[in-house]
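First the structure, in the form of structure tokens, and then the observations on it.
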Amino acid sequence: MKTLLKFLLMIAIMFTISSCEDLQKIVSQGGNPPVGISNADNIAGLKNSLTLGIEGAVGLLGKENGFFNDALLKILLPPEAKQIVDNIRLIPGGQDLVNRAILSINRAAEDAVKSAIPIFRNAITGMTINDATGILFGANDAATQYLRRTTYNELSRTFTPIVKQSLDKRLVANVSTNDSWKALTSAHNQVAGTVVGRTAGMTAINTNLEDYITGKALDALFSKIAVEENKIRTNPAARVNDLLRKVFGQLDKK
């Protein structure tokens, strides 16, 4: 009888240890928020951080020279236009046309990103508890990837007509971006069709400028949002209110 009792006691101890280990594993995987922080807190904190992040990113890029003066995000001519730069001496007034086109391209991107905030806000509003938990305890760019996945197509559809309108806007010397681009590519294509152009390896350029700028503007926008997200995740000083300090303080303990 004593032997049986000892055996049952050992089984109970082993079961208890196993249960504790399983419980610890569940906690370590972030199944529930720590004591004092609710799921509602986490969701509210994440939505607050995303709102601040998108407003910060759009504010930086949507102002005049937001793209043009950013060495990393400044939009240059499409890759196909490299041959223009390489053979600029062959195009009358070529360098001036290049400079004007680059400035105008960046102005179009600055105009487009201003329309992004309402689309981002809709994506944030539609976020589920599972979305929020996965994002909060995910990678440093988890929120940025969520926004990219849920908003990219709509942003692209919204940006394109704005970019087109901006490309047609009269700027310096009453010349639009499209005018500058057409003048530049027409001059290039004309030279490319000559013996001199063919000898220099020049080929005609027919890039869709609207699609090119839209893609570059979106890439830059999400890049900027990722920077803003990383600040809040890793820098306590960037958590500008009590909710952010409470929610993202959990990450400091990981």
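Numbers here simply count residues along the sequence, with the first being 1.
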Could you tell me whether Leu76 atom CG has more than 12 heavy atoms of other residues or ligands within 6.0 Å of it?
yes
If you look only at pairs with a residue in residues 212-241, which of them pass as a ring-ring contact (aromatic ring centres under 6.0 Å, His included), with sequence neighbours excluded?
Phe120-Phe222
Qualifying ring-ring contact (aromatic ring centres under 6.0 Å, His included) pairs with a residue from residues 73-116, counting only residues at least two apart or across chains
none
Are the side chains of [X] and [Y] in touch, meaning some heavy atoms are under 4.5 Å apart?
X	Y	result
Val191	Met202	yes
Ile105	Phe68	no
Arg148	Asp219	yes

Which residue pairs pass the salt bridge (Lys or Arg N to Asp or Glu O under 4.0 Å) test when at least one of the two sits in [range], sequence neighbours left out?
range	answer
residues 43-70	Glu55-Arg121, Glu64-Arg107, Asp70-Lys224
residues 173-188	Arg170-Asp179
residues 127-139	none

Which heavy atom of [X] sits nearest to which heavy atom of [Y], and what is that distance?
X	Y	result
Asn241	Leu244	OD1-N, 2.8 Å
Ile75	Ala109	CD1-CB, 3.6 Å
Met127	Leu50	CE-CD1, 3.3 Å

Any pair counted as side-chain hydrogen bond (donor to acceptor under 3.5 Å, both in side chains), so long as it reaches residues 189-201, sequence neighbours left out
none
Show me the donor-acceptor pairs, under 3.5 Å and distance only, between side chains in residues 92-99 and residues at least two apart or in other chains.
{"from": "Gln95", "atom 1": "NE2", "to": "Asn99", "atom 2": "OD1", "distance (Å)": "3.1"}
{"from": "Asp96", "atom 1": "OD2", "to": "Arg100", "atom 2": "NH2", "distance (Å)": "3.0"}
{"from": "Asn99", "atom 1": "ND2", "to": "Gln95", "atom 2": "O", "distance (Å)": "3.4"}

Using side chain to side chain contact (heavy atoms under 4.5 Å, CB included) as the criterion, list what pairs up with Lys114, not counting sequence neighbours.
Asp111
Looking at residues at least two apart in the chain, or sitting in another chain, which of them share a side chain to side chain contact (heavy atoms under 4.5 Å, CB included) with Thr150?
Ala123, Tyr146
Would you please name every residue forming a side chain to side chain donor-acceptor pair (under 3.5 Å) with Arg157, sequence neighbours left out?
none
Any donor-acceptor pair under 3.5 Å from Ser49 side chain to Leu46 backbone:
yes
Is a donor on one side and an acceptor on the other found under 3.5 Å between the side chain of Ser156 and the backbone of Tyr152?
no
Pairs of donor and acceptor atoms involving the side chains of residues 135-144, under 3.5 Å and at least two apart or interchain, shall be tabulated with distances.
{"from": "Asn140", "atom 1": "ND2", "to": "Asn230", "atom 2": "OD1", "distance (Å)": "3.2"}
{"from": "Asp141", "atom 1": "OD2", "to": "Gln145", "atom 2": "NE2", "distance (Å)": "3.3"}
{"from": "Thr144", "atom 1": "OG1", "to": "Ala226", "atom 2": "N", "distance (Å)": "3.4"}
{"from": "Thr144", "atom 1": "OG1", "to": "Glu229", "atom 2": "OE1", "distance (Å)": "2.6"}

To the nearest 0.5 Å, atom CD1 of Ile119 lies from atom OG1 of Thr151 at 7.5 Å
Criterion side chain to side chain contact (heavy atoms under 4.5 Å, CB included) on Leu167 and Ser104, from CA distance to verdict
CA-CA 7 Å; Leu167 291 176; Ser104 300; over 6 Å; no
Between Asn106 and Lys74, is a side chain to side chain contact (heavy atoms under 4.5 Å, CB included) present by the stated rule, with each step listed?
CA-CA 7 Å; Asn106 285 273; Lys74 179 180 180 179; 3.9 Å; yes
Are Leu155 and Val227 linked, directly or through other ILVMFWY residues, by side chains that come within less than 4.5 angstrom of each other?
no
Who passes salt bridge (charged side-chain N to carboxylate O under 4.0 Å, His left out) against Lys164, sequence neighbours left out?
Asp168
Going through the distances and angles, do Asp211 and Lys216 end up as a salt bridge (charged side-chain N to carboxylate O under 4.0 Å, His left out)?
CA-CA 9 Å; Asp211 291 345; Lys216 285 293 185 180; over 6 Å; no
